[in-house]
J.: 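Okay, handing you the structure first.
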2 protein chains.
Amino acid sequence: MKNIQLHIEVNPDLYLKNPDSTDLGKKIISNSVKLINDIGFDNFTFKKLGIQIESPESSIYRYFENKHALLIYLVSWYWSWVEYLLVFSTVNIDSPSEKLNRSIKVLTGPTLEKYPTTYMNEELLSQIIITESVKAYHTKNVDDENKKGYFKTYKKVVQRVSDLVLEVNSGYKFPNMLVSTVIEGVHQQKYFAEHLPALTDVTKGKDSIAKFYTNMVNTIMV
Amino acid sequence: MKNIQLHIEVNPDLYLKNPDSTDLGKKIISNSVKLINDIGFDNFTFKKLGIQIESPESSIYRYFENKHALLIYLVSWYWSWVEYLLVFSTVNIDSPSEKLNRSIKVLTGPTLEKYPTTYMNEELLSQIIITESVKAYHTKNVDDENKKGYFKTYKKVVQRVSDLVLEVNSGYKFPNMLVSTVIEGVHQQKYFAEHLPALTDVTKGKDSIAKFYTNMVNTIMV
DNA sequence: CAAATATAATAGTATTACTATCTGTTTTGC
DNA sequence: GCAAAACAGATAGTAATACTATTATATTTG
């Protein structure tokens, strides 16, 4: 076993003060997840969050430079959590293809597991990822932020699953493209199912998204 | 031939006054495409656009309710243009599978064709779609705006290609999912190739994105 | 040529996205 | 047990954003 991470880790450059280290910090995280879900990231402000947690916005600014940094923090936390789930779902499994199957299941399926932390609501966070995460990297500063390592936890997840793809079929030419297409596609289709059903096939059953992408991996790789 | 549209058409609810009908309107469109490309949609304001075209922002507000409506207008224009390209690339072709092939080529490939309009820069517009179009429908108002028909031109494109998928394989279960996955995937991978190359496989050649998705359609449908 | 339509010019408002400073209260390190 | 450091609260202030409103003036059209 090499390089396995058993705890959530986000790049310290993403915050001014670690929100995990204080009560107020944890309140900021848990309430921002709720508030972003309620009103959407575009309408979300530190002022409104401050009112919700009964703290001045200036206190929130001591933890995060701005709301964009907070969003990237949440996205980063999410992918670190997904990596944790991937590790656990594949540990002690020998067969690469079985490991890949289980990984795809983690990426496509509904995950009800929790990370042992009281202040993070993973279900609401997953919802934020589906709805808002594209805004984390569709900005004029992506390149800068990428250089600073802001998207490392996402890239690690893609890397991990891509490596499994290559273990199963070492000749496959586009492992990263396949994996990022599946990951983004699953989120996208879940969003479409809820808001733009004409772009998807929801009537074909609740698990059709998982079916579609699982089938895609299996047929494309051989 | 039924239901074929030979001109660009956007939902009139998207604008207060048709920008196509006046000089100022055309200036607003062509310069917004340039400015959004330069500074990004998030930093784009009607004030800055007004400075660029040397008109007060209040004049721009007579055409569009706000910058979000303008973005949806551009996205809508783009998909109407893509439909026009799809129609032309498949007209007079009898074989459904050849029609599908040509359609996928339009969706994946670089398109250098222009629509006969002087004021629209299709290349810059395509760039905006890749970078900013997700912001058009990842909002708290999607459902409302969808009801008003703001995303109709996009849905029509997906519908058109999905119908071809079913013509080739009438038993295929997820035509919409397949097509929207390809369309969104192509844009996404182009964005990744430029900004987050770890999520894609750009080193495998410039046309690897087109190859990957073309192969995906061919292998998944059989 | 009058009426309608268009743009320009200017002003003003509420909200957003911060920054700065100052005051207390805890925590910690010796 | 006490001083220093760290932390949160309170308040104020600024520039930019996202508009709305009004009036004046130029252009088009019936």
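First the proteins, then the strands, lettered A, B, ... as listed; each starts at 1. No hydrogens, no waters, no symmetry mates; every other heavy atom, side chains included, goes into these values.
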J.: To the nearest Å, give me how far apart CG (A:Asp23) and C1' (D:dA6) are.
T.: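 The answer, rounded to whole Å, is 15 Å.
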J.: Within a 6.0 Å radius of atom NZ on B:Lys135, are there more than 12 heavy atoms belonging to other residues, nucleotides or ligands?
T.: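 More than 12 within 6.0 Å, yes.
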J.: For A:Thr45 and B:Ser58, find the nucleotide of DNA chain C closest to each by heavy atoms; which residue's nucleotide sits nearer the 5' end?
T.: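 The residue mapped nearer the 5' terminus is B:Ser58.
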J.: D:dC7 P sits how many Å from A:Asp20 CG, rounded?
T.: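 That distance rounds to 14 Å.
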J.: Here's a test for you: under side-chain contact (heavy atoms from CB on, under 4.5 Å), which of B:Val165, B:Asp163, B:Ile104 qualifies with B:Val179?
T.: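 Among B:Val165, B:Asp163, B:Ile104, the one meeting side-chain contact (heavy atoms from CB on, under 4.5 Å) with B:Val179 is B:Val165.
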J.: Rounded to the Å, how far apart are A:Lys47 NZ and D:dG9 P?
T.: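 The answer, rounded to whole Å, is 16 Å.
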J.: Does B:Lys27 reach a base, just sugar-phosphate, or nothing at all? Heavy atoms under 4.0 Å.
T.: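 No contact at all - B:Lys27 keeps every heavy atom at 4.0 Å or more from the nucleic acid.
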J.: Can we call the ring centroids of A:His138 and B:Phe41 under 6.0 Å apart?
T.: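 No - the distance between ring centres of A:His138 and B:Phe41 does not fall below the 6.0 Å cut-off.
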J.: Considering residues, nucleotides and ligands other than A:Lys26, do more than 12 of their heavy atoms fall under 6.0 Å from its NZ?
T.: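 Yes, NZ of A:Lys26 has more than 12 neighbouring heavy atoms, counting only those of other groups under 6.0 Å.
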J.: Check every atom of C:dT10, C:dC18, D:dA10 against the side chain of A:Arg62 and return the nucleotide holding the closest atom.
T.: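 The listed nucleotide nearest to A:Arg62's side chain is D:dA10.
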J.: Please report, rounded to the nearest Å, how far the C1' atom of C:dA17 is from the CG atom of B:Asn43.
T.: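 From B:Asn43 CG to C:dA17 C1': 13 Å.
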J.: Please figure out whether B:Gly25 or A:Glu65 has its closest DNA chain C nucleotide nearer the 5' end.
T.: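 Looking at DNA chain C, the more 5' nearest nucleotide goes with B:Gly25.
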J.: When the distance from CD1 of B:Ile51 to C1' of C:dA8 is rounded to whole Å, what number comes out?
T.: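 In whole Å, C:dA8 C1' and B:Ile51 CD1 are 15 Å from each other.
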J.: Has B:Ser59 got a side-chain N or O lying under 4.0 Å from the OP1 or OP2 atom of C:dT7?
T.: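 No, no such contact exists.
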J.: Please determine whether a side-chain nitrogen or oxygen atom of B:Ser55 lies at a distance below 4.0 Å from atom OP1 or OP2 of C:dT7.
T.: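 No, B:Ser55 has no side-chain N/O under 4.0 Å of OP1/OP2 on C:dT7.
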J.: From CZ of A:Phe44 over to C1' of C:dT15, roughly how many Å is that when rounded to an integer?
T.: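 In whole Å, C:dT15 C1' lies 16 Å from A:Phe44 CZ.
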J.: Could you say whether A:Tyr63 or A:Glu57 is positioned toward the 5' end of DNA chain D, judged by the nucleotide with the nearest heavy atom to each?
T.: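 Comparing both residues, the 5'-ward one is A:Tyr63.
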J.: Within the 4.0 Å heavy-atom criterion, would you say A:Phe46 contacts the bases, only the backbone, or no part of the nucleic acid?
T.: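 If one applies the 4.0 Å heavy-atom cut-off, A:Phe46 turns out to touch nothing in the nucleic acid.
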J.: Any base atoms under 4.0 Å from B:Lys17, or only sugar-phosphate, or nothing? Heavy atoms, all strands.
T.: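 Sugar-phosphate only.
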J.: Examine the side chains of B:Thr22 and B:Tyr63 and answer whether a donor and an acceptor come within less than 3.5 Å of each other.
T.: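 There is such a pair (donor and acceptor under 3.5 Å, judged by atom type) between the side chains of B:Thr22 and B:Tyr63.
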J.: Under 4.0 Å from OP1 or OP2 of D:dA16: is there any side-chain N or O of B:Lys48 that close?
T.: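 Negative; the distance criterion is not met.
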J.: Give the rounded distance in Å between these two atoms: NZ of B:Lys67 and C1' of C:dT16.
T.: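 B:Lys67 atom NZ is separated from C:dT16 atom C1' by 12 Å.
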J.: Just how far, in rounded Å, is C1' of D:dC19 from CG of B:Leu16?
T.: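 In whole Å, D:dC19 C1' and B:Leu16 CG are 13 Å from each other.
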